[in-house]
Amino acid sequence: MNVTRTLLRVHRKIALWIAAIAVVIASVGLVLVTQAGPMRYSFWLVIAGSIAKYWTLTVGIMMISMHFRTFVGNGVTRREFLVAVAGAGLMIAAGFAIAVTAGHALESAVLGLTDQRGPGYPSVVDGDLGRVFPVSLGYFTSGVLIAAGFHRFRPWIGVALIIPGAVPVAVADGLLGFNERGEQADRLAYLPALAISLVVTAAAAAAIWALMWDVPVRRAAG
Amino acid sequence: MIELRGVTVRYGNAVAVHDVTLRLPADKIYGLLGRNGSGKTSLLGALTSYRKPAAGTVLIDGVEAFENPAIARRTAFIRDTLDLSETDRISCAFRLAGRLRPSWDGAYADRLLDLFQLDPGKRVSALSRGQKSALGVVLGLAARAPLTVLDESYLGMDAVARTLFYREVLADYLAHPRTIILSTHLIDEVADLFEQVVVLDRGRVLLHEETETLRGRGYTVSGPAAAVDAFATGHAVLGEQRLGGVRAVTVDGRLDPAEVARGEAAGLAFGPIGLQDLFVLLTSQPLEASR
């Protein structure tokens, strides 16, 4: 039994659908936008960059709100589940980092071949891989932490805990996020920003552990 | 062997289970009985590690159960509200159980689906209350877990489905002996399945006995009021009824043949009481009086 693999399998179908939709939208969008002239931004970063944030946030929430009860109900301990969630989060973030970077590189190559890469188009070497990974991981961790607050406490306490739960997102996106033009906040150099982001995400993971390691398995409504 | 040592379960200041100590030998069918709010579900939650007790320990085969992977794998706890996602299809729930539970018997699960006439393509949200209960039973039995706990799994099931459930529990238990704990309010319906009965009352164990022993524990005595009064003196009377000059009392204890002979000579009639009647009488007493 591999709990991480099982968790990822649960999301495989929807992930493939989202990937297919993203590719179609990005391809069609690219064709349409280039009718107006050379691209000055990356359409792929608009689509895939958003999915890397908001879908991972949603998956993080689902880990606790949907899967915790189901997996523990099938003989998985809390510890095993939380370790599996961490593994799944790392793999999802790595997968997005690779997909966003590869898609950006492909888009850049296609635009270059068709002479549609305009001035200001973000270069891949600006560091997609090393930025998408910690940002995506921050969103995922925030999703898990926010849902853990709701699972552990009463709803109104859960609502209050959304703010500290969102800290990994705020730090990762604030320090390492970049937009479709490749523009970065540049508040700090990359390595200190990466270190701070990973430390905050790790602290959030520790908070998730503290909230969940002995939490009662709440029953579903109804 | 399941051992609960001084298990206490609290919800804030409210104590749901108070210092419960129990020893349940393996490979038997247990009935856990108690009124609403008596602490049955909380006790089962502690027993299956769904809830960490505020005090005390749960040992299974001598090993601490909480967060023990080997024990978690060998435990199936089916609650009245299923631990499934409402949007999942039944087939999806089965696939997940198949991946996570080493002892999952997919062929048996499919056979039970047919028995309870459940469509594997249906989503959990589309099932009626009774069908959800039947699905819970399927998940619990097909898990083939050495410790299977079914908490009020009959809820919403019609009489036919309940009968099928009782038959299937017994048949599967005989084919694959394991520890099965059933919590229920429909005592008379399911009493024949139980080898031992545990009665909880206000978070404490009121009694824990072999079912056969329990069946002989109480009896009714009826007849002329004066004769019944005379007989009842010195016995633990659990309940009584009067109609004119006739009185009937329910007595806690075992019948002594000599007493029966003397009573019958005085015009008294003796009769057994059912498990459910005994349960009702015991749990409607003040706590100290019923111990």
Side-chain angles (χ1 to χ4, degrees), chain A residues 1-17 58-59 61-85 87-88 147-148 150-154 156-157 208-222, chain B residues 9-12 16 41-42 45-46 48-54 65-88 92-104 124-125 127 129 132 136 139-140 143-147 149 151 155-156:
Chain A
M1 179 186 66
N2 185 315
V3 185
T4 303
R5 196 183 307 148
T6 307
L7 266 175
L8 291 171
R9 279 181 79 114
V10 171
H11 291 276
R12 187 178 55 181
K13 198 172 172 183
I14 186 83
L16 290 174
W17 271 105
T58 309
V59 170
I61 291 169
M62 288 167 73
M63 288 290 164
I64 301 298
S65 62
M66 288 178 69
H67 304 319
F68 174 66
R69 201 160 27 92
T70 312
F71 275 65
V72 174
N74 275 301
V76 175
T77 64
R78 294 163 183 78
R79 184 182 300 116
E80 289 174 317
F81 180 77
L82 293 173
V83 169
V85 167
F150 276 95
H151 186 90
R152 176 97 205 187
F153 303 109
R154 295 187 180 95
W156 60 270
I157 299 177
I208 293 165
W209 176 265
L211 287 173
M212 296 296 294
W213 79 271
D214 65 344
V215 75
V217 183
R218 293 196 187 285
R219 52 179 63 230
Chain B
V9 177
R10 293 175 194 277
Y11 300 94
T41 299
S42 299
T48 54
S49 299
Y50 268 46
R51 178 174 288 276
K52 192 173 193 298
F66 190 77
E67 285 294 279
N68 184 320
I71 291 173
R73 219 78 79 227
R74 299 169 69 235
T75 303
F77 181 27
I78 304 298
R79 307 194 275 191
D80 55 342
T81 53
L82 294 176
D83 291 316
L84 295 174
S85 169
E86 285 280 309
T87 53
D88 280 350
C92 182
F94 281 15
R95 274 199 300 276
L96 187 67
R99 282 191 203 108
L100 294 175
R101 284 200 174 280
S103 57
W104 176 257
V124 174
S125 58
L127 300 177
R129 187 72 197 84
K132 283 183 182 173
L139 290 167
R144 290 262 162 80
L147 171 58
V149 180
D151 186 12
L155 282 179

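Atom set for the values below is all heavy atoms of this structure, side chains included, hydrogens, waters and symmetry mates excluded.
- Between the CZ atom of B:Arg95 and the OG1 atom of A:Thr6 there is a distance of 12.5 Å, given to the nearest 0.5 Å.
- Of all the listed residues (B:Arg79, B:Lys52, B:Arg51, B:Lys132), the one sharing the greatest number of non-hydrogen pairs under 4.5 Å with chain A is B:Arg79.
- Nearest heavy atoms, A:Arg78 versus B:Ser49: NH2-O, 2.8 Å.
- Across every non-hydrogen atom of A:Gly73 and B:Arg101, the tightest pair is O-NH2, 3.0 Å.
- Note: A:Arg9 leads A:Met66, A:Arg9, A:Arg79, A:Arg218 in heavy-atom pairs under 4.5 Å with chain B.
- Minimum heavy-atom separation, A:Val76 to B:Arg73: CA-NH1, 4.0 Å.
- Looking at B:Ser103, there are no atoms closer than 4.5 Å to chain A (heavy atoms on both sides), in backbone or side chain.
- In this structure, chain A has a heavy atom under 4.5 Å from the side chain of B:Thr87, while its backbone stays farther away.
- Both the backbone and the side chain of B:Ala97 come within contact range of chain A, with heavy atoms under 4.5 Å apart.
- Without hydrogens or angle criteria, B:Glu67 side chain to A:Asp214 main chain gives no donor-acceptor distance under 3.5 Å.
- The distance from atom CG of B:Leu84 to atom CG of A:Asn74, rounded to the nearest 0.5 Å, is 8.0 Å.
- If you measure heavy-atom distances from B:Ile78 to chain A, you find no contacts under 4.5 Å at all.
- Nearest approach of B:Ser85 to A:Thr70, heavy atoms of both residues: N-OG1, 4.2 Å.
- Using a 4.5 Å cut-off between heavy atoms, B:Asn68 contacts chain A through its backbone alone, with no side-chain atom that close.
- Residues A:Arg219 and B:Thr41 come closest through the heavy atom pair NH2-CG2, 3.1 Å.
- Looking at A:Phe71, the atoms closer than 4.5 Å to chain B (heavy atoms on both sides) sit in the backbone and in the side chain alike.
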